[in-house]
Novice: 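Following this message is one structure expressed as structure tokens.
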Amino acid sequence: MDTIGGRLPAHVRRERIVELLVQRGGEGSLPVEELAATLDVSPATVRRDLAQLRLEGRITRTYGGAVLGTASAEISVRQRELSHSPEKDEIARCAAQLVAPGSVVLLDAGSTTERVARHLRAIPDLTVFTNGVAAVSTLLEYGDTDIVVLGGRLRRINQTISGSAAEQMVRGVYADIAFIGADAVDPTRGVASRTLEQSSLKTLMAEHARTVVVVADATKLSAAWTSYWSPMTRPWTLLTDDSVDPELVESFHAADPQLSVVVCPTDNVAAV
């Protein structure tokens, strides 16, 4: 592991610790001594940082080190961007292939939908309605996409806009396609969200589009239970990555005949 050198402000150093834990994934905890060497600080400084991150619910302390927090602890946009990045890119490429020039698109907030936005920029004459701050920034970078920002309350941790104003705007739209993000996916319950407001907006997006596509990497198909679910009451498609368990895909098909699961390999799309 490379040493970054120098002394970082405490809040920057803590974010770096979380990034290092995300990069480590499920390979065990990071020892205090290893973190101290990487960050070029003392073990005592690392222990203080870990104590603060534990209080914030972002990590779990282990003997001599730390791991990421439990599945119930919400992570930031930056952490989501680092997590399962190649898989999300595969899904985003698949998603963009479903969009025709001149389409009206409802684009949910999220790290995977932000990657979808990157690929949508190459498609001409699109109108994209979105509640994602990251998606707006991405679409603004280049291209001639007509961007409509859904209004409402902004949640800083996941940069999502939701609320009654956003819902009212969606009620006035009937899009060609909606791309919905998810904290978890269940074939009978639908798509999970962190808040009731986000769940309500996802439900409306799914109701106000001709084609409904949920984009979620394979880890979201067996994610922990959450309280807020948006049911998918019409035919819908789930795009996921090729690390998904085939038996899990079959169980999704069996549970909801209206659901079509599409696995997105690195170079092409294969329907299962």
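Quick note: residue numbers are just sequence positions, from 1.
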Novice: What heavy-atom pair brings A182 and K202 nearest, and what distance separates the two atoms?
Specialist: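 Minimum heavy-atom contact is N-NZ, 4.4 Å.
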
Novice: I need the L35 CG to L50 CG distance, nearest 0.5 Å.
Specialist: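 One gets 6.0 Å once the value is rounded to the nearest 0.5 Å.
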
Novice: Locate the shortest heavy-atom distance separating V128 from L120; write the atom from each residue and the value.
Specialist: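 Nearest heavy atoms, V128 then L120: CG2-CD1, 4.4 Å.
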
Novice: Report yes if the side chains of V99 and F179 come closer than 4.5 Å at any heavy-atom pair, otherwise no.
Specialist: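 They are in contact (side-chain heavy atoms under 4.5 Å apart), so the answer is yes.
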
Novice: Should L221 and L238 be marked as a side chain to side chain contact (heavy atoms under 4.5 Å, CB included) after you check the CA-CA gap, both sets of side-chain angles, and the distance that decides it?
Specialist: CA-CA 10 Å; L221 277 58; L238 169 63; 4.0 Å; yes

Novice: Pair V214, K220 - check side chain to side chain contact (heavy atoms under 4.5 Å, CB included), show working.
Specialist: CA-CA 11 Å; V214 174; K220 304 292 182 63; over 6 Å; no

Novice: Quick one: side-chain contact (heavy atoms from CB on, under 4.5 Å) partners of P231, sequence neighbours excluded?
Specialist: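 P231: side-chain contact (heavy atoms from CB on, under 4.5 Å) contacts with T203, T233.
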
Novice: How many angstroms lie between CD in E34 and CG in L39, if you round to the nearest 0.5 Å?
Specialist: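 Going from the CD atom of E34 to the CG atom of L39 covers 10.5 Å.
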
Novice: Which distance, rounded to the nearest 0.5 Å, do you find between the CG of L154 and the CG of N131?
Specialist: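 The distance works out to 10.0 Å.
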
Novice: Which residues pass the side-chain contact (heavy atoms from CB on, under 4.5 Å) test with A10, not counting sequence neighbours?
Specialist: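 Listed in chain order: R13, R14.
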
Novice: Working to the nearest 0.5 angstrom, can you tell me the gap between I180 CD1 and L106 CG?
Specialist: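 Reported value, rounded in 0.5 Å steps: 7.0 Å.
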
Novice: Does S199 use its side chain to pair, donor to acceptor, with the backbone of L196 at less than 3.5 Å?
Specialist: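 Checked: no pair found.
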
Novice: Taking the side chain from T130 and the backbone from L107, do they hold a donor-acceptor pair closer than 3.5 Å?
Specialist: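 Indeed, once roles are kept as given, a pair shorter than 3.5 Å links the two residues.
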
Novice: Tell me if a side-chain donor or acceptor on S193 pairs with a main-chain N or O of Y228 at a distance below 3.5 Å.
Specialist: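 No: the side chain of S193 does not pair with the backbone of Y228.
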
Novice: With no hydrogens and no angle check, is any side-chain donor or acceptor of K88 less than 3.5 Å from a backbone partner on D217?
Specialist: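 Side chain of K88 to backbone of D217, a donor-acceptor pair under 3.5 Å: no, none is there.
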
Novice: Could you tell me whether R234 atom CZ has more than 12 heavy atoms of other residues or ligands within 6.0 Å of it?
Specialist: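 Yes - once you tally the heavy atoms of other residues, nucleotides and ligands closer than 6.0 Å, there are more than 12.
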
Novice: Provide the full list of salt bridge (charged side-chain N to carboxylate O under 4.0 Å, His left out) pairs with a residue in residues 122-147, sequence neighbours left out, each pair given once.
Specialist: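 Checked against salt bridge (charged side-chain N to carboxylate O under 4.0 Å, His left out) - neighbours excluded - the pairs reaching residues 122-147 are R121-E141.
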
Novice: Please name the pair of heavy atoms, one in V116 and one in A95, separated by the smallest distance, quoted to 0.1 Å.
Specialist: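 So the two residues come closest at CG2-CB, 3.9 Å.
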
Novice: Looking at side-chain heavy atoms only, is the closest gap between R155 and T195 below 4.5 Å?
Specialist: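 They are in contact (side-chain heavy atoms under 4.5 Å apart), so the answer is yes.
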
Novice: Identify all side-chain donor-acceptor contacts of residues 162-175 below 3.5 Å with residues at least two apart in sequence or on another chain.
Specialist:
none

Novice: List in chain and number order the residues that pass side-chain contact (heavy atoms from CB on, under 4.5 Å) with R48, two or more places apart in sequence or in another chain; answer none if no residue qualifies.
Specialist: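 Listed in chain order: A44, T45.
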
Novice: Can you give me the closest heavy-atom contact between E114 and A134, atom names plus distance?
Specialist: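 For E114 versus A134, the nearest heavy atoms are CG-CB, 3.5 Å.
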
Novice: Side-chain contact, heavy-atom cut-off 4.5 Å: R118 with R115?
Specialist: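 The answer is yes, as the side chains (C-beta and beyond) meet within the 4.5 Å cut-off.
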
Novice: Could you tell me which non-hydrogen atom of W229 sits nearest to which non-hydrogen atom of V185, and how far apart they are?
Specialist: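 Closest pair (atom of W229, atom of V185, distance): CZ3-C, 4.2 Å.
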
Novice: Go through the steps for D108 and M205 under the test side chain to side chain contact (heavy atoms under 4.5 Å, CB included), then give the verdict.
Specialist: CA-CA 8 Å; D108 193 15; M205 285 182 169; 4.0 Å; yes

Novice: What is the distance from atom CG of L248 to atom NE2 of H253, rounded to the nearest 0.5 Å?
Specialist: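 If I round to the nearest 0.5 Å, the distance is 10.5 Å.
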
Novice: Taking the side chain as every heavy atom from C-beta outward, state whether P43 and R47 have any pair of such atoms under 4.5 Å apart.
Specialist: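 Yes - at least one pair of side-chain heavy atoms lies under 4.5 Å apart.
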
Novice: Can you tell me how far the CD1 atom of I17 sits from the CG atom of L30, to the nearest 0.5 Å?
Specialist: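 These two atoms lie 9.5 Å from each other.
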
Novice: Who are the side-chain contact (heavy atoms from CB on, under 4.5 Å) partners of T211, not counting sequence neighbours?
Specialist: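 For T211, the residues satisfying side-chain contact (heavy atoms from CB on, under 4.5 Å) (neighbours in sequence not counted) are I177, V213.
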
Novice: What's the shortest heavy-atom distance between M232 and A206, and which atoms?
Specialist: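 Of all heavy-atom pairs spanning M232 and A206, the closest is CE-CB, 3.9 Å.
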
Novice: If only atom types and distance count, is the side chain of D256 paired as donor or acceptor with the main-chain N or O of T188 below 3.5 Å?
Specialist: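 Judged by distance alone, no pair lies under 3.5 Å.
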
Novice: Determine whether T160 and R194 make a side-chain contact, defined as any pair of heavy atoms from C-beta on separated by less than 4.5 Å.
Specialist: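 The answer is no; the side chains never approach within 4.5 Å.
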
Novice: Quick one, V262 with L239, criterion side chain to side chain contact (heavy atoms under 4.5 Å, CB included). Give me CA distance, side-chain angles, the key distance, then yes/no.
Specialist: CA-CA 5 Å; V262 176; L239 299 186; 3.5 Å; yes

Novice: Less than 4.5 Å apart, any side-chain heavy atom of E19 and any of R16?
Specialist: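 Yes, their side chains come closer than 4.5 Å.
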
